[in-house]
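Below: one structure, written as structure tokens.
Per chain, numbering begins at 1; letters A, B, ... match sequence-line order.
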Number of protein chains: 2
Amino acid sequence: MPAPHPPADADPRVEALVHDLIGRVADKWTMLILEILEEKGELRFTELSRAIGTISQKMLTQTLRHMERDGLVIRTVHPVVPPKVEYRLTELGQSLGAAFCGVWIWAEQNLATVETARETFDGPLPSGG
Amino acid sequence: MPAPHPPADADPRVEALVHDLIGRVADKWTMLILEILEEKGELRFTELSRAIGTISQKMLTQTLRHMERDGLVIRTVHPVVPPKVEYRLTELGQSLGAAFCGVWIWAEQNLATVETARETFDGPLPSGG
DNA sequence: TCTCACGCTCTCCTTTTGGTGAGTACAAAT
DNA sequence: ATTTGTACTCACCAAAAGGAGAGCGTGAGA
């Protein structure tokens with residue numbers, strides 16, 4: 001069983017790798033895709049694109065490739081014309097989604113707190129000369 | 001108690017704000033600083049810099065300001081010469097650290113899996129040609 | 001007097017990120 | 001023959017991220 005926060009008792013090498021991995025998966029588009037595929041199950045390229053709404057083809061392709069490389073999604077190519085490609089999460093992808101769940105919940109619960117903090121921080125600027 | 005994955009039952013507006021907030025806090029340096037302050041308690045600027053090891057002054061200052069604005073850290077300035085400034089987590093910062101804990105654990109536990117997946121993905125490239 | 005330490009801030013530079021728009025291959029529909 | 005739809009790929013460009021190094025203010029110590 002792991003400690004409350006793992007990096008405290010890990011090797012520095014492992015820590016570095018973990019940081020690297022975190023840096024890769026804690027990406028805006030990755031998290032979005034993770035969430036959507038978790039919800040919808042299996043989607044085609046354009047369906048995914050529409051579900052996200054604002055992503056460019058380039059970023060979608062790129063992020064999906066990275067996720068595939070990291071073993072988070074499975075890409076199924078149906079050899080038909082016009083092309084049909086479907087994406088779904090692997091178990092690893094699902095487990096990452098579950099791990100991020102706590103962060104989603106935190107964000108939802110503390111949205112107002114953060115906004116208040118920002119107003120407090122930004123507000124008292126014009127303390128006129 | 002919230003649902004397994006919150007965004008499914010949230011307003012689209014809230015969802016957008018959550019995405020925005022996630023995009024801000026799911027930052028490499030933010031996560032690092034969060035973790036270190038959680039471990040060490042209260043640190044000075046240069047102590048923090050040394051603890052992270054690779055961060056530039058610019059990024060450290062910038063990230064700390066963002067975190068302060070978002071109510072994640074408290075910045076205490078001691079009016080002495082040379083200057084002394086200490087940083088520590090707020091309760092909100094600690095709760096975010098706790099939320100990210102699941103992601104750290106995931107990264108630690110699945111490091112090898114991801115590396116294997118990458119090798120499998122990268123390996124079979126030179127298939128003739 | 002000169003240097004050092006600290007916590008910045010500023011400028012300059014390179015790298016990375018991300019968007020736009022075009023092109024591709026091919027079969028079915030028009 | 002032309003258009004349509006799909007899932008890309010590529011070239012080009014703008015913006016942002018991020019690093020290196022200089023400067024600042026000032027009191028203690030050499």
Whole angstrom is fine here: how far is it from NZ in B:Lys28 over to C1' in D:dA16? 16 Å
Hey, which of these two, A:Pro83 or A:Lys58, hits DNA chain C nearer its 5' end, going by closest nucleotide? A:Lys58
Taking side chain as C-beta onward, heavy atoms only, is B:Leu92 less than 4.5 Å from B:Leu96? no
Under-4.0 Å side-chain N/O to phosphate OP1/OP2 contact, B:Thr46 with C:dA5: no
Are the side chains of A:Glu86 and A:Glu47 in touch, meaning some heavy atoms are under 4.5 Å apart? no
Report the residue (A:Ile55 or B:Lys84) whose heavy-atom-nearest nucleotide on DNA chain C is the more 5′ of the two. B:Lys84
Measure the distance from CG on B:Leu48 to C1' on C:dC8 and round it to the nearest whole Å. 14 Å
Think A:Arg44 has a side-chain N or O under 4.0 angstrom from the OP1 or OP2 of D:dT6? no
Rounded to whole Å, the CG-P distance (A:Leu60 to C:dG18) equals 13 Å
Check step by step if side-chain contact (heavy atoms from CB on, under 4.5 Å) holds for B:Leu34 and B:Met67. CA-CA 9 Å; B:Leu34 213 52; B:Met67 292 176 76; 3.7 Å; yes
Rounded off to whole Å, could you give me the CG-to-P distance for the A:Asp27 and C:dT17 pair? 9 Å
Can you figure out which of D:dT9, D:dG27, C:dC8 approaches the side chain of B:Val81 most closely? D:dG27
Under 4.0 Å: is that the gap between some side-chain N or O of B:Arg75 and OP1 or OP2 of C:dG7? no
Does any non-hydrogen side-chain atom of A:Arg75 lie less than 4.5 Å from one of A:Leu64? no
Between C1' on D:dT26 and NE2 on B:His78, what's the gap in Å once rounded to a whole number? 18 Å
Interatomic distance where CD belongs to B:Gln62 and P belongs to D:dA16 [whole Å]: 12 Å
Contact under 4.0 Å: A:Ser56 side-chain N or O vs C:dT20 OP1/OP2: no
Please check the phosphate of C:dC6 (OP1 and OP2 only) for any side-chain N or O of B:Arg50 closer than 4.0 Å. no
So what does A:Gln57 hit on the nucleic acid, given a heavy-atom distance under 4.0 Å: a base, only sugar-phosphate, or nothing? base
Separation of C:dC8 C1' from B:Met59 CE (nearest whole Å): 15 Å
Reckon B:Val85 touches a base, only the sugar-phosphate, or nothing at all at heavy-atom distances under 4.0 Å? sugar-phosphate
How close or far is atom P of D:dC8 from atom CD of A:Glu86, stated in whole angstroms? 12 Å
Can you check whether A:His66 reaches A:Thr30 side chain to side chain, under 4.5 Å on heavy atoms? no
